Amino acid sequence: MSASASMAESGRAAKAAGRQAADSKVMVGLARAGLAARGLLYILVGVIAVQIAFGDKNQEADRGGAVEEIGSKPFGEAMLWVLVVALIGMSLWRLVEAAFGQAVPDGGKAGKRLMSLGRAIFYGVVVASLIRTLTASDGGGGQGQEQGGSSNKTSKDLTAKALDWPGGRYLVGLAGLVLLGVGIGMAVRYALRKFREKLNTGEMSPLQRRMVDLLGMIGGISRGVVFGAAGVFVVVAAVKFDPDRAKGVDETLRSFAGTPVGPALLVAIALGLVVFGLYSFCEARWRRVR
């Protein structure tokens with residue numbers, strides 16, 4: 001056998017081994033645990049946002065606030081380590097999707113695989129932030145914002161750095177438009193129930209399908225609204241050349257209370273995020289992972 005043929009054979013064997021590992025029960029379990037962890041974070045962010053709407057201004061309605069909420073409970077540090085493992089599973093699963101394609105129609109297309117890679121990187125950053133929180137000197141309790149970082153501060157800091165680059169205003173504006181587009185696209189896809197293609201609907205009863213449809217539509221649209229609104233604020237920061245105009249998840253949610261509708265809109269969006277968390281639990285049960 002020639003050297004080139006031997007290398008090709010080795011490559012095929014490595015790919016087959018990778019595919020086998022990707023379809024293993026361990027990977028499937030990690031993926032489902034990651035989806036459940038995502039659901040828990042969204043539920044906590046939504047609950048905190050509801051509390052803000054009713055006058056509790058002490059916590060931040062973002063991932064850091066959710067981490068702080070978990071850490072303040074009995075066995076909170078242990079729960080956060082479980083969350084870390086679950087989110088590592090989410091990141092690994094997304095890397096597998098990037099390598100082999102998503103378990104949906106046309107899941108092997110470059111665009112879908114690139115999206116999976118972006119999600120893998122995002123959850124990797126989340127895991128790194130959580131580990132920094134947990135390895136702080138006091139064990140992590142109550143340090144979600146200090147160690148994990150406020151989404152508001154992170155957004156403003158990143159925007160300020162980008163605005164200092166050559167052509168930074170245009171780059172920030174483009175990033176804001178992309179985020180806005182992601183939010184709109186997300187809301188439209190969930191409104192049209194495109195998420196069904198990701199689920200093993202054949203394993204659901206008619207009642208379960210209706211329930212999952214309702215949770216997915218309400219939760220996905222709410223999530224899209226938050227993403228889109230955050231994108232608008234980034235665009236405004238670029239136009240005004242003012243990084244303070246950029247807002248993280250917390251300030252974006254609080255901005256809904258400043259509309260003519262008042263706190264009622266914030267409550268509606270916050271409850272929608274809670275619903276998305278519940279939908280994530282449904283994905284953990286019925287998502288096509290392999």
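In this text, all values refer to a predicted model and were calculated from it rather than measured experimentally.
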| request: Would you sort out whether L171 and L163 count as a side-chain contact (heavy atoms from CB on, under 4.5 Å), showing the intermediate values? | output: CA-CA 8 Å; L171 291 173; L163 286 174; over 6 Å; no

| query | What's the spacing between D62 CG and E68 CD if we round to 0.5 Å? | reply | 9.5 Å

| Is the shortest distance from a Lys or Arg side-chain nitrogen in R285 or E203 to a carboxylate oxygen in the other one below 4.0 Å? | yes

| From T201 atom OG1 to R196 atom CZ, the distance as rounded to the nearest 0.5 Å | 7.5 Å

| said: Looking at K156 and E251, is any side-chain nitrogen of the basic one under 4.0 Å from a carboxylate oxygen of the acidic one? | reply: yes

| query | Closest approach of S280 and G39, non-hydrogen atoms and distance? | reply | CB-CA, 3.5 Å

| request: Check whether any side-chain N or O of S91 sits under 3.5 Å from a backbone N or O of I88 as a donor-acceptor pair, and report yes or no. | output: no

| said: For A238 versus V172, what's the shortest heavy-atom pair and its separation? | reply: CB-CG1, 3.8 Å

| task | Quick one: pull up CG in L179 and CD1 in I184 and give me the separation to the nearest 0.5 Å. | result | 10.0 Å

| According to a 4.5 Å side-chain heavy-atom criterion applied to Ile, Leu, Val, Met, Phe, Trp and Tyr, with indirect links allowed, do I269 and V274 form part of one hydrophobic cluster? | yes

| field | Distance, nearest 0.5 Å, that separates NZ of K112 from CG of L117 | value | 15.5 Å

| query | Any link between L134 and L41 through a network of hydrophobic side chains (Ile, Leu, Val, Met, Phe, Trp, Tyr) touching at under 4.5 Å? | reply | yes

| query | Ignoring hydrogens and geometry, is there a side-chain-to-backbone donor-acceptor pair from T159 to S155 under 3.5 Å? | reply | yes

| Which heavy-atom pair separates A53 from V267 by the least distance, and what is that distance? | CB-CG2, 3.5 Å

| remark: For A246 and A237 the tightest heavy-atom approach is N-CB, 3.7 Å

| Qualifying residue for side-chain contact (heavy atoms from CB on, under 4.5 Å) with C282, from R287, Q208, M204, M211 | M211

| task | Start with the C-alpha gap between E97 and R94, add the side-chain angles, then the distance that decides, and say whether salt bridge (Lys or Arg N to Asp or Glu O under 4.0 Å) holds. | result | CA-CA 5 Å; E97 285 190 329; R94 295 303 191 180; 2.9 Å; yes

| query | Partners of Y123 by ring-ring contact (aromatic ring centres under 6.0 Å, His included), sequence neighbours excluded? | reply | none

| task | Quick one: list whatever passes ring-ring contact (aromatic ring centres under 6.0 Å, His included) with F195, sequence neighbours left out. | result | Y190, Y279

| request: Let me see the working for L266 and R254 under side-chain contact (heavy atoms from CB on, under 4.5 Å), right down to the final yes or no. | output: CA-CA 7 Å; L266 174 55; R254 291 174 191 265; 5.5 Å; no

| said: Quick one, V28 and K25 - any side-chain contact, counting heavy atoms below 4.5 Å? | reply: no

| N-O pairing of R38 and E283 below 4.0 Å | yes

| said: Please tell me whether V188 and V232 are part of a single hydrophobic cluster in this structure, the criterion being side-chain heavy atoms less than 4.5 Å apart. | reply: yes

| field | Working for side-chain contact (heavy atoms from CB on, under 4.5 Å), residues L83 and L80 | value | CA-CA 5 Å; L83 189 67; L80 287 174; 4.2 Å; yes

Which pairs of donor and acceptor atoms, one on a side chain in residues 219-226, lie under 3.5 Å apart (sequence neighbours left out)?
{"from": "S222", "atom 1": "OG", "to": "I218", "atom 2": "O", "distance (Å)": "2.9"}
{"from": "R223", "atom 1": "NE", "to": "Y42", "atom 2": "OH", "distance (Å)": "2.8"}

| Check against salt bridge (Lys or Arg N to Asp or Glu O under 4.0 Å), R245 and D242 | CA-CA 6 Å; R245 297 296 186 103; D242 181 2; 3.6 Å; yes

| From CE (M90) to CG (L35), nearest 0.5 Å | 4.0 Å

| task | Side-chain contact test, heavy atoms from C-beta onward, threshold under 4.5 Å: evaluate it for V212 versus W286 and give yes or no. | result | yes

| field | Interatomic distance, L278 atom CG to I43 atom CD1 [nearest 0.5 angstrom] | value | 4.5 Å

| query | More than 12 heavy atoms of other residues, nucleotides or ligands under 6.0 Å from OH of Y170: is that the case? | reply | no

| Closest approach of A49 and A270, non-hydrogen atoms and distance? | CB-CB, 3.5 Å

| said: Show, in sequence, the C-alpha distance, side-chain angles and deciding distance for V82 and M79, and conclude whether the side-chain contact (heavy atoms from CB on, under 4.5 Å) test is met. | reply: CA-CA 5 Å; V82 171; M79 292 170 63; 5.6 Å; no

| Has the side chain of T133 got a donor or acceptor atom that lies under 3.5 Å from a matching backbone atom of S129? | yes

| Are V182 and M217 connected in a single hydrophobic cluster, I mean Ile/Leu/Val/Met/Phe/Trp/Tyr linked by side-chain heavy atoms less than 4.5 Å apart? | yes

| Any ion pair linking D157 and K161 (charged N to carboxylate O, less than 4.0 Å)? | no

| query | CH2 of W81: more than 12 outside heavy atoms within 6.0 angstrom? | reply | yes

| said: For residues I131 and V85: do they belong to one hydrophobic cluster (side chain heavy atoms under 4.5 Å, members Ile, Leu, Val, Met, Phe, Trp, Tyr)? | reply: no

| remark: Looking only at heavy atoms, the pair that brings G183 and F227 closest together is CA-CB, 3.7 Å

| message | So does N152 get a backbone contact from the side chain of D250, meaning a donor-acceptor N/O pair under 3.5 Å? | response | no

| task | Spell out, as yes or no, whether a donor-acceptor pair under 3.5 Å connects the side chain of R63 to the backbone of V126. | result | no

| Check: L273 and L253 side chains under 4.5 Å, non-hydrogen atoms | yes

